[in-house]
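The structure appears below as C-alpha cells.
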Amino acid sequence: MELEGVVTHKGTPVAFGSIQFDPDTTKGGKGPQGSADIVDGKYKTASGMGPMPGPHVARITGYASKPDSPDVRPLFSNVSVPVDIPSGTKTLPITIPDSSKK
C-alpha cells in the first residue's frame with residue numbers, strides 16, 4: 001500500500017526527517033513496516049512497501065533544516081504517534097504532539 005501525507009509540528013510542516021510505521025500488534029495490527037523520508041513536510045512510502053490498513057505506531061524524527069552535518073540537532077527524535085490507517089486510505093496527515101522534545 002502506498003501512503004502519503006504531511007507531517008506538522010506546532011502548526012508548521014516538518015522540514016526534514018523520517019517516518020516509520022510499525023504495526024501495533026497490541027491492537028491487532030499486522031503486516032509489513034512502512035517508512036519514508038520527510039522533505040518539505042511531505043512523506044510518501046514506496047509503492048508496495050507501505051503499511052497495511054489497521055492500527056500502527058508512527059515513529060517520527062524531525063529537523064528544522066536538512067540534517068547534512070553532525071551539528072544539526074533534531075527538533076524531536078523517535079516520537080511515537082498512534083495512527084489507524086483505514087482501508088483504502090492513500091493520504092494520512094500526522095500531527096506531532098506539542099509536548100514532543102528531543
Side-chain angles (χ1 to χ4, degrees):
M1 166 177 178
E2 192 173 287
L3 189 65
E4 63 183 285
V6 174
V7 178
T8 57
H9 180 247
K10 296 183 178 180
T12 304
V14 174
F16 290 93
S18 62
I19 185 167
Q20 179 176 316
F21 294 95
D22 296 325
D24 189 342
T25 57
T26 66
K27 296 181 179 177
K30 55 186 173 184
Q33 179 186 67
S35 64
D37 290 330
I38 300 168
V39 179
D40 295 330
K42 300 176 186 175
Y43 74 89
K44 185 174 184 178
T45 62
S47 182
M49 300 297 287
M52 301 296 290
H56 288 74
V57 175
R59 299 189 197 286
I60 307 160
T61 296
Y63 296 87
S65 61
K66 189 172 184 177
D68 53 4
S69 79
D71 296 333
V72 177
R73 302 275 182 215
L75 294 168
F76 50 86
S77 182
N78 204 30
V79 172
S80 296
V81 178
V83 296
D84 191 15
I85 303 171
S87 184
T89 297
K90 295 197 182 282
T91 303
L92 183 69
I94 297 178
T95 301
I96 304 300
D98 286 345
S99 61
S100 300
K101 296 183 181 178
K102 296 178 190 176

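Hydrogens, waters and symmetry mates play no part in the numbers below; they use all other heavy atoms, side chains included. Given the structure is predicted, the values throughout are model-derived calculations rather than measurements.
Among pairs with a residue in residues 34-43, none fulfils salt bridge (Lys or Arg N to Asp or Glu O under 4.0 Å), at least two apart in sequence or across chains.
With sequence neighbours left out, the side-chain hydrogen bond (donor to acceptor under 3.5 Å, both in side chains) criterion links Thr89 to no other residue. By the side-chain hydrogen bond (donor to acceptor under 3.5 Å, both in side chains) test, Glu4 pairs with no residue at all, sequence neighbours left out.
In this structure, Phe16 belongs to a hydrophobic cluster whose other members, linked by side-chain heavy atoms under 4.5 Å apart, are Val39, Tyr63, Val72.
Within the 3.5 Å criterion, the main-chain N or O of Gly54 finds a donor-acceptor partner in the side chain of His56.
When all heavy atoms of Pro97 and Val79 are compared, the pair lying nearest together is CD-CG1, 4.4 Å. Residues Pro13 and Val6 approach most closely at CB-CG1, 4.5 Å, considering heavy atoms. The two residues Ser77 and Pro74 come nearest to each other via the heavy atoms CB-CG, 4.3 Å. Of all heavy-atom pairs between Thr61 and Asn78, the closest is OG1-N, 3.0 Å.
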Without placing hydrogens or testing angles, list every side-chain donor-acceptor pair under 3.5 Å for residues 43-53, not counting sequence neighbours.
residue : atom : partner : partner atom : Å
Tyr43   : OH   : Leu92   : O            : 2.6
Thr45   : OG1  : Leu3    : N            : 2.9
Thr45   : OG1  : Leu3    : O            : 3.4

Side-chain donor-acceptor distances from residues 25-33 under 3.5 Å, at least two apart:
residue : atom : partner : partner atom : Å
Thr26   : OG1  : Asp24   : OD1          : 2.5
Gln33   : NE2  : Asp22   : OD1          : 2.4

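The shortest side-chain heavy-atom distance between His9 and Thr95 does not fall under the 4.5 Å cut-off.
Atom CE of Met1 is separated from atom CD1 of Ile85 by 5.5 Å, given to the nearest 0.5 angstrom. Of the inter-residue distances, the one linking Thr8 atom OG1 with Ile94 atom CD1 reads 9.5 Å to the nearest 0.5 angstrom. Remark: Ile60 CD1 to Ser35 OG distance equals 12.5 Å, nearest 0.5 Å.
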Would you sort out whether Val57 and Arg59 count as a side-chain contact (heavy atoms from CB on, under 4.5 Å), showing the intermediate values? CA-CA 6 Å; Val57 175; Arg59 299 189 197 286; 3.6 Å; yes
